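All remarks here apply to the structure that follows.
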Amino acid sequence: MNTASRITMYTAALAASFGAAYGVGTVVTPVSTAAEPAAHAEHGGAPDRGGEAQQSGPDAPAGGLQVSEGGYTLDLRTPRVPAARTTELRFAIRDSAGRQVTAFQREHDKELHLILASQDLTTYRHLHPTRAADGTWSTPANLPAAGGYRLFADFTPAAKGAKNLTLGADLAVAGDYRPAPVPAPSNTATVDGYTVTLTGPLRPGTAGELNLKVSKAGRPVTDLQPYLGAYGHLVALRSGDLAYLHVHPNGAPGDGETEPGPDVSFTATAPSAGTYRLFLDFKHNGTVRTAAFTVPAGTATGDAGNAAPTGSPDKEETDGHQH
């Protein structure tokens, strides 16, 4: 074979390799190596400070943006599902040797918390899948609209020294896709006759206390029920890339200080300036409900309490708790 022929064959093979890599990149979440401000509250590591969320270091990658981290990988078996149809989602957590992880620490009453959110942040699900003996997790889910979604697995392996991780993977929902704008900023949300009012600042790089007050028919709700070991559960997602911030209340049921409503407070730090969607899960009269808010961070109007109320998220798909 002459030199020209060898060069031609090498060039074709190289082009094919790059083409294959591009095809894979369109369906597999890349592993980010860029250092970003922390977006996930660590559950392991530093001791608990009366319920205050433990933030990871300033150089840690944002939570939920990576499919692999710390030697663990989220293996999503069902990367595509149909819209408006109940489908079983299946996935596993694999260790650095490729083995499916079968032992996890229980945190907030569960071994693993599964969050689903649409890219436009109008659909949100907090699910609790079941784990088979071989480490395969599964849960039914019904997502109402076509489009791109992000699946987050929040867990801590039982291995000695393991830290809490939030891994993320893309989920495609087939159908007629009609993207919606992120709802306008609001400090009031209504769901099933309940009104939740949000006050307090969400600032990048600085911890702030967010307070959520629950009322119904104009009266404060003072008998909230514990849900996942607390009177409220808060998840924040950054608009654009869906960086994940998972925080928990200041205080806990039975600590002798925390009242069962109407106020539930959280300490949170935004990983950067931007727009965030906050999803509060709370339980009352045996039912878990979700109140959703859009909050700006990093501007003069970054205080949630200064955001102008605009309508109600009643019609948004913010329910869907499964156990």
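Bear in mind that the values here come from a model prediction, so they are computed numbers and not experimental data.
- We find the CZ-OG distance between R203 and S272 to be 15.5 Å, quoted to the nearest 0.5 Å.
- Distance check: L143 CG to R85 CZ gives 12.5 Å after rounding to the nearest 0.5 Å.
- Looking at every heavy atom in both residues, T73 comes nearest to S68 through OG1-OG, 2.7 Å.
- Under the 4.5 Å side-chain criterion, counting only non-hydrogen atoms from C-beta, Y124 is in contact with V235.
- Note on V182 and Y276: separate hydrophobic clusters, where clusters join Ile, Leu, Val, Met, Phe, Trp and Tyr whose side-chain heavy atoms are under 4.5 Å apart, directly or indirectly.
- In this structure, CD in Q66 is found 9.5 Å from CG in L165, a value given to the nearest 0.5 Å.
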TODO: Start with the C-alpha distance between F91 and L112, add both sets of side-chain angles, then the distance that settles side chain to side chain contact (heavy atoms under 4.5 Å, CB included), and finish with yes or no.
DONE: CA-CA 12 Å; F91 65 95; L112 182 146; 3.8 Å; yes
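- Between T275 and L121, every side-chain heavy-atom pair lies at or beyond the 4.5 Å cut-off.
- A salt bridge between D170 and R150 is present, with a side-chain N of the basic residue lying under 4.0 Å from a carboxylate O of the acidic one.
- Between V191 and F282 there is a side-chain heavy-atom pair separated by less than 4.5 Å.
- Test N211, T258, T267 against N250 for side chain to side chain donor-acceptor pair (under 3.5 Å) and you get one pass: T267.
- With rounding to the nearest 0.5 Å, the separation of CG in N187 from CZ in F293 is 8.0 Å.
- For CZ of R77, the number of neighbouring non-hydrogen atoms (other residues, nucleotides, ligands) closer than 6.0 Å is greater than 12.
- Of all the heavy atoms in I93 and A153, the pair that sits closest is CD1-CB, 4.3 Å.
- The closest side-chain heavy-atom distance from L116 to L89 is below 4.5 Å.
- Side-chain contact between T78 and E88: absent, with no pair of heavy atoms (C-beta onward) separated by less than 4.5 Å.
- Closest of all the heavy-atom pairs between L234 and L278 is CD1-CB, 4.1 Å.
- Within the 4.5 Å cutoff, the side chain of L245 has no heavy atoms near those of the R238 side chain.
- Heavy atoms only, all atoms of each residue included: D241 and L65 are closest at O-CD2, 3.3 Å.
- A donor-acceptor pair under 3.5 Å links the side-chain atoms of Q100 to the main chain of D134, judged by distance alone.
- The shortest distance between side-chain heavy atoms of F279 and I115 does not fall below 4.5 Å.
- Separation of atoms CZ (R80) and OG1 (T87) is listed at 14.0 Å; rounding is to 0.5 Å.
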Run the side-chain donor-acceptor check on residues 218-225: report pairs under 3.5 Å with partners two or more places apart or on a different chain.
from	atom 1	to	atom 2	distance (Å)
D223	OD1	H284	NE2	2.7
Q225	OE1	N285	N	2.9
Q225	OE1	G286	N	2.6

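- Pairs engaging residues 259-268 under the salt bridge (Lys or Arg N to Asp or Glu O under 4.0 Å) rule: K213-D263 [sequence neighbours left out].
- In this structure a side-chain-to-backbone donor-acceptor pair under 3.5 Å is present from R131 to T102.
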Open item on the list: Checking N142 against T86 for the side-chain hydrogen bond (donor to acceptor under 3.5 Å, both in side chains) test, could you report, in this order, the C-alpha distance in whole Å, the side-chain angles of both residues, the deciding distance, and whether it holds?
Closed with: CA-CA 4 Å; N142 189 316; T86 300; 3.3 Å; yes
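- Using the six-membered ring where Trp is involved, H126 and H128 have ring planes that are tilted, between 30° and 60° apart.
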- [ ] Please step through side chain to side chain contact (heavy atoms under 4.5 Å, CB included) for the pair L114 and F152, ending with a clear verdict.
- [x] CA-CA 6 Å; L114 186 68; F152 303 93; over 6 Å; no
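- Taking the side chain as every heavy atom from C-beta outward, V247 and L210 never approach each other to under 4.5 Å.
- Contact detail for T294 and A184: the closest heavy-atom pair is CB-O, 3.6 Å.
- Interatomic distance, CG of L127 versus NZ of K110, reported as 11.0 Å (0.5 Å rounding).
- Minimum heavy-atom separation, K283 to P226: CD-O, 3.7 Å.
- Taking the six-membered ring for Trp, W137 and F155 have ring centres at least 6.0 Å apart.
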